[in-house]
Amino acid sequence: MTLDFSRPGKPTDNPYIESFNGSFRDECLNLHWFLSLEDARQKIEAWRTEYNSFRPHSSLGDMPPNEYIQKHHITSDSLLLTG
């Protein structure tokens with residue numbers, strides 16, 4: 001695995017992570033004050049659960065990732081890392 005940094009000011013270098021980062025910021029980080037590390041862990045985990053289990057993703061046919069994985073019988077062994 002190698003680190004590959006996007007060029008400054010070029011979000012199109014890695015649009016998937018840029019989209020995720022924007023959603024995470026808009027839907028979680030900008031909405032909460034974190035009172036402690038444990039509070040941050042709980043709030044971020046609640047957002048992650050919502051994001052993966054309930055929130056529809058247009059790139060997955062408006063299904064949440066967990067539903068998409070179940071429907072297409074995807075296992076961790078069948079996932080390919082690219083990059």
*Might you point out which heavy atoms bring S53 and N66 nearest each other, and give the distance in Å?*
OG-ND2, 2.9 Å

_Reported CD-to-NE2 distance for the pair Q42 and H32, which is rounded to 0.5 angstrom_ = 11.5 Å

*Identify the heavy atoms of L31 and D26 that sit nearest to each other, and give their distance.*
CG-O, 3.7 Å

*Measure the spacing between CD of E67 and NE2 of H72 and express it to the nearest 0.5 Å.*
9.0 Å

_Donor-acceptor contact below 3.5 Å, side chain S19 vs main chain P15_ = no

*Taking all non-hydrogen atoms of both residues, which atom of N52 and which atom of P64 are closest, and how far apart?*
O-CB, 3.6 Å

*Please go through F34's hydrophobic cluster and name the other residues, only I, L, V, M, F, W, Y counting, with side-chain heavy atoms under 4.5 Å joining them.*
I17, F20, F24, L29, I44, W47, Y51

_Partner residues of E27 under the salt bridge (charged side-chain N to carboxylate O under 4.0 Å, His left out) criterion, sequence neighbours left out_ = R55

*Report the distance from atom CD of E18 to atom NZ of K10, rounding to the nearest 0.5 Å.*
12.5 Å

